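Contents: one structure, followed by commentary.
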Amino acid sequence: MEVKKINFEVAVYASADELNEADKALLLEARKTTEAAYAPYSNFHVGAVAQMANGDTVSGTNQENASYPVGICAERVLLSVAATQYPGIGIDTLAISYHNKNGESNHPVSPCGICRQSLAEYEERTHQSIRVILGGMSGEVYILQKAGELLPLSFTSGDLKK
Ligand code: THU
């Protein structure tokens, strides 16, 4: 028997002001993008902005529905737009922010499990790691080097072929 240790590093910044200019601009854009969320049921407004490998940006927000399971997260809205408008192009950096109108928005929150799976496959299909910036409307900011690290031992297309 062998024990495998799976870990990854997260860079922790005290606030957006500690980020380099480009990362800070992307996070500020994600914060602003939360305003386009449609979240009348949860009041949890999520905004995501991606810096594509070709320099363009793409954004996404969560879109809820009176039939709750129909709602879709900001990250998967963004990935659908990116894949449609820029087929085959990777994402260099993805900033995700949120505005919780029922509570605090002063710490980073991570993508949900379904979005982690979608992000991991986007990396796989574009052969490019996605740097992820996580931060609320204020407070600490996390930067991860590869979205797929959020989903260790993930199920991938390769498993279907074995
Ligand atoms: N949500 C996202 O948009 N992204 C996440 O990664 C976490 C959750 C949305 C889904 C729902 O509209 C609201 O936040 C509350 O769960």
Side-chain angles (χ1 to χ4, degrees), residues 6-52 56-86 90-123 128-155:
I6 301 171
N7 53 26
F8 67 97
E9 290 182 356
V10 180
V12 180
Y13 297 83
S15 78
D17 291 330
E18 274 195 7
L19 303 177
N20 71 38
E21 224 170 282
D23 289 346
K24 182 177 172 182
L26 210 60
L27 177 58
L28 294 189
E29 195 57 36
R31 285 177 178 168
K32 191 168 158 39
T33 301
T34 61
E35 290 168 19
Y38 176 67
Y41 306 104
S42 70
N43 283 319
F44 196 86
H45 296 236
V46 184
V49 179
Q51 178 81 58
M52 305 298 299
D56 287 352
T57 56
V58 167
S59 57
T61 55
N62 54 330
Q63 298 294 317
E64 298 185 348
N65 192 281
S67 175
Y68 291 4
V70 174
I72 180 167
C73 294
E75 294 87 335
R76 278 174 294 131
V77 168
L78 180 148
L79 292 178
S80 301
V81 173
T84 304
Q85 293 193 329
Y86 301 100
I91 294 173
D92 280 344
T93 305
L94 170 65
I96 305 166
S97 189
Y98 69 97
H99 183 184
N100 180 5
K101 296 198 174 173
N102 288 342
E104 296 180 338
S105 308
N106 59 4
H107 59 279
V109 298
S110 288
C112 79
I114 294 179
C115 290
R116 292 176 194 209
Q117 182 76 21
S118 296
L119 288 163
E121 183 141 340
Y122 198 91
E123 289 185 324
Q128 186 177 327
S129 296
I130 303 174
R131 276 177 81 238
V132 182
I133 303 173
L134 301 173
M137 302 304 284
S138 63
E140 281 188 342
V141 178
Y142 292 173
I143 298 190
L144 327 177
Q145 290 307 317
K146 182 172 165 42
E149 289 178 337
L150 287 168
L151 195 63
L153 301 179
S154 63
F155 182 79

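Everything quoted here is computed from the prediction, not taken from an experiment. Just so it is clear, the values below take in all heavy atoms, side chains as well, and ignore hydrogens, waters and symmetry mates.
- Of the possible polar contacts, none joining the Gln63 side chain to the Ile72 backbone as a donor-acceptor pair under 3.5 Å is found.
- Atom-to-atom distance recorded for Asn7:CG and Glu149:CD is 9.0 Å, nearest 0.5 angstrom.
- In this structure, CD on Glu75 lies 11.5 Å from OG on Ser80, to the nearest 0.5 angstrom.
- Of all heavy-atom pairs between Gly135 and Ser97, the closest is O-OG, 2.8 Å.
- Glu64 approaches Pro40 most closely through the heavy-atom pair OE1-N, 3.7 Å.
- A donor-acceptor contact shorter than 3.5 Å links the side chain of Asn62 to the backbone of Val46.
- Between the CG atom of Asp23 and the CG atom of Leu28 there is a distance of 11.0 Å, given to the nearest 0.5 Å.
- Proximity of Gln117 to Ile114: side-chain heavy atoms (C-beta onward) are nowhere separated by under 4.5 Å.
- Separation of atoms CD (Gln128) and CG (Asp92) is listed at 5.0 Å; rounding is to 0.5 Å.
- No side-chain donor-acceptor contact under 3.5 Å links Glu140 to the backbone of Val12.
- The two residues Met52 and Tyr122 make their nearest non-hydrogen contact at CE-OH, 3.8 Å.
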(Q) Working note: His107 + Tyr98, criterion side-chain contact (heavy atoms from CB on, under 4.5 Å); need CA distance, chi angles, decisive distance, verdict. (A) CA-CA 9 Å; His107 59 279; Tyr98 69 97; 3.4 Å; yes
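- A 4.5 Å side-chain heavy-atom check between Leu79 and Ile91 finds at least one atom pair inside the cut-off.
- Using a distance-only test at 3.5 Å, with no hydrogens or angles considered, no donor-acceptor pair links the side chain of Thr61 to the main chain of Thr34.
- Distance OG/Ser154 to CG/Leu119: 11.5 Å, rounded to 0.5 Å.
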Q: Let me see the working for Val10 and Leu134 under side-chain contact (heavy atoms from CB on, under 4.5 Å), right down to the final yes or no.
A: CA-CA 10 Å; Val10 180; Leu134 301 173; over 6 Å; no
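- Salt-bridge annotation for Asp17 and Lys24: present, with a side-chain N of the basic residue lying under 4.0 Å from a carboxylate O of the acidic one.
- Considering only heavy atoms from C-beta on, Tyr142 stays 4.5 Å or farther from Val132 through its side chain.
- Note that CG of Leu26 is 10.0 Å distant from CG of Asn20, once rounded to the nearest 0.5 Å.
- Considering all non-hydrogen atoms of both residues, Leu78 and Ala50 come closest at CD1-N, 3.6 Å.
- Counting only distance, with no hydrogens or angles, the side chain of Arg116 and the backbone of Pro111 share a donor-acceptor pair below 3.5 Å.
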Q: Would you check, one step at a time, whether the test side-chain contact (heavy atoms from CB on, under 4.5 Å) holds for Glu9 with Gln145?
A: CA-CA 8 Å; Glu9 290 182 356; Gln145 290 307 317; over 6 Å; no
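- Side-chain atoms of Glu29 do not come within 3.5 Å of backbone N or O of Val49 as any donor-acceptor pair.
- Contact detail for Thr57 and Gln51: the closest heavy-atom pair is CG2-OE1, 4.1 Å.
- Among all heavy-atom pairs drawn from Phe44 and Ala39, the shortest one is O-CB, 3.5 Å.
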